[in-house]
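Hydrogens, waters and symmetry mates are skipped; everything else that's a heavy atom, side chains included, is used. Order of the sequence lines sets the chain letters (A, B, ...), proteins ahead of strands, with each chain counted from 1.
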Number of protein chains: 2
Amino acid sequence: MAKRRTNPDYLNGVPELLLLRLLEQRPMYGYELVQEIVRSTGERLEFGEGCIYPLLHRLESEGTLTAKRQQVGGRERVVYRVTRKGKGKLAEAAARWMRVAEAVTLVLHGGHNEQRQTAIA
Amino acid sequence: MAKRRTNPDYLNGVPELLLLRLLEQRPMYGYELVQEIVRSTGERLEFGEGCIYPLLHRLESEGTLTAKRQQVGGRERVVYRVTRKGKGKLAEAAARWMRVAEAVTLVLHGGHNEQRQTAIA
DNA sequence: CCTCCATGCCTCATGGTTTCAGGTATCAGA
DNA sequence: TCTGATACCTGAAACCATGAGGCATGGAGG
């Protein structure tokens, strides 16, 4: 009970974005992706299998990815590949991300002029 | 029914981060914050009142913010201010954000070396 | 005067996402 | 034999933002 939430560190949409981007570079299977995300982000991010596998299934059923089963040394792998449609989705997601990142950076670094009562002069 | 979700554009934690940062610059009330977020992000982001008000309440009950009621021309405003504790939270949230932003940027721009089967030489 | 819109506060159901904790099975090494 | 890595999977819980609603005041235009 009370399921401790030790990592209140939500980043909605980020797993999907990273997945698409990494799979665009080369086809991969789920277990591999979990580790590749850690590696390619320089240990900055980590997503559990419970996040990745369902996501892969969803993206496949949406037609964003295609899956191909492989037998490698008695173990099964499901290798995913980005479809054309998926590349479109990736482009959109990346654009959306950059937009958000710009917005947040702007505010954090006090970017946009803070004038307020100047209006009338 | 079926509540259309027109904007599948999630950014968990971002509203809280922006709120704290903006309130650090000057005290503000809820309705004002909703608009200020739009303005200060250069129209890149917008969060509804249904997001902002509950967040303010939560942050206040946590001791991150303090609230003060004001009467202005027959209308009531609840002005919020960041506490010392709140500034700590802001610092953490900002650091966490930057970490994530770095990670994503790294992957999007193909930052970390993609060597893979080189290992053995 | 009446109506509309902006201001200003609020709540709630819904739906989407991530986490955590499990479960299965194979294989290599100690 | 037992452990740990590989490799797949699921389901309950927690959390967050959306969107739609509701209430009340004040000012502007018809």
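- None of B:His57, B:Lys89, B:Lys85 except one satisfies the side chain to side chain donor-acceptor pair (under 3.5 Å) rule with B:Glu62; the exception is B:Lys89.
- OP1 or OP2 of C:dT7 has at least one side-chain nitrogen or oxygen of B:Gln35 nearer than 4.0 Å.
- Spacing between atom CG of B:Leu55 and atom P of C:dC10 amounts to 13 Å, rounded to whole angstrom units.
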Exercise for the section: Evaluate salt bridge (charged side-chain N to carboxylate O under 4.0 Å, His left out) for B:Arg99 paired with B:Glu102, printing each intermediate quantity in order. Expected result: CA-CA 5 Å; B:Arg99 194 175 164 80; B:Glu102 276 171 25; over 6 Å; no
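- We find that CG of B:Leu56 is positioned 9 Å from P of C:dC9, with the value rounded to whole Å.
- With sequence neighbours left out, the side-chain hydrogen bond (donor to acceptor under 3.5 Å, both in side chains) criterion links B:Tyr53 to no other residue.
- Contact annotation: B:Tyr53 does not reach the phosphate of C:dC10 (side-chain N/O to OP1 or OP2, under 4.0 Å).
- Between A:Gln70 atom CD and D:dC8 atom C1' the separation is 14 Å, expressed in whole Å.
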Exercise for the section: For nucleotides 22-30 of chain C, just jot down a letter per nucleotide in 5' to 3' order: B, S or -, based on protein non-hydrogen atoms under 4.0 Å. Expected result: ----BB---
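- For A:Arg58, a side-chain nitrogen or oxygen approaches OP1 or OP2 of C:dT17 to under 4.0 Å.
- Rounded to whole Å, atom C1' of D:dC9 lies 16 Å from atom CG of A:Leu33.
- Taking 4.5 Å as the limit, some side-chain heavy atom of A:Leu33 sits within range of a side-chain heavy atom of A:Leu56.
- The structure places CH2 of B:Trp97 at 14.0 Å from CG of B:Leu90, a figure rounded to the nearest 0.5 Å.
- Remark: B:His57 is not in phosphate contact with C:dC9, judged by side-chain N or O atoms under 4.0 Å from OP1 or OP2.
- For the pair B:Lys87 and B:Glu24, the salt-bridge criterion is not met [side-chain N within less than 4.0 Å of a carboxylate O].
- Direction change of the helix axis from one end of the helix from C:dC1-D:dG30 to C:dA30-D:dT1 to the other is 10°, with five pairs defining each end axis (rounded to 10°).
- A salt bridge links B:Glu32 with B:Arg26: the distance from a Lys NZ or Arg NE/NH1/NH2 to an Asp or Glu carboxylate oxygen falls below 4.0 Å.
- Among the candidates A:Val14, A:Leu20, A:Leu19, A:Leu18, the single residue satisfying the side-chain contact (heavy atoms from CB on, under 4.5 Å) test with A:Glu16 is A:Leu20.
- In this structure, A:Tyr31 reaches the D:dT6 phosphate: one of its side-chain N or O atoms is under 4.0 Å from OP1 or OP2.
- Distance from the side chain of A:Pro15 is smallest to C:dT18 among C:dT18, C:dC10, D:dC8.
- Counting to the nearest Å, the P atom of C:dG16 and the CG atom of A:Leu59 are 14 Å from each other.
- Across all strands shown, B:Val72 has no heavy atoms under 4.0 Å from either base or sugar-phosphate atoms.
- Contact annotation: A:Tyr29 side-chain N/O to D:dA7 OP1/OP2 distance is under 4.0 Å.
- With rounding to whole Å, A:Arg96 atom CZ is found 14 Å from C:dG16 atom P.
- For the pair A:Glu36 CD and D:dA7 P, the interatomic distance rounds to 13 Å; values are reported in whole Å.
- Per the geometry, CD1 belonging to A:Ile52 stands 14 Å off C1' belonging to D:dC8, to the nearest Å.
- Side-chain proximity of A:Phe47 to C:dT11, D:dT18, C:dT19: nearest is C:dT19.
- A:Gly50 comes within contact range of at least one nucleobase, with a heavy-atom separation under 4.0 Å.
- Of the residues near DNA chain C, B:Pro54 and B:Glu76, the one whose nearest nucleotide (by heavy atom distance) lies more toward the 5' end is B:Glu76.
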Problem - A:Arg44 and B:Leu106: CA distance, side-chain angles, deciding distance, side-chain contact (heavy atoms from CB on, under 4.5 Å) verdict - result: CA-CA 10 Å; A:Arg44 271 173 272 253; B:Leu106 207 55; 3.3 Å; yes
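- Taking hydrophobic clusters as Ile, Leu, Val, Met, Phe, Trp and Tyr residues chained together by side-chain heavy-atom distances below 4.5 Å, B:Leu45 does not share a cluster with B:Val38.
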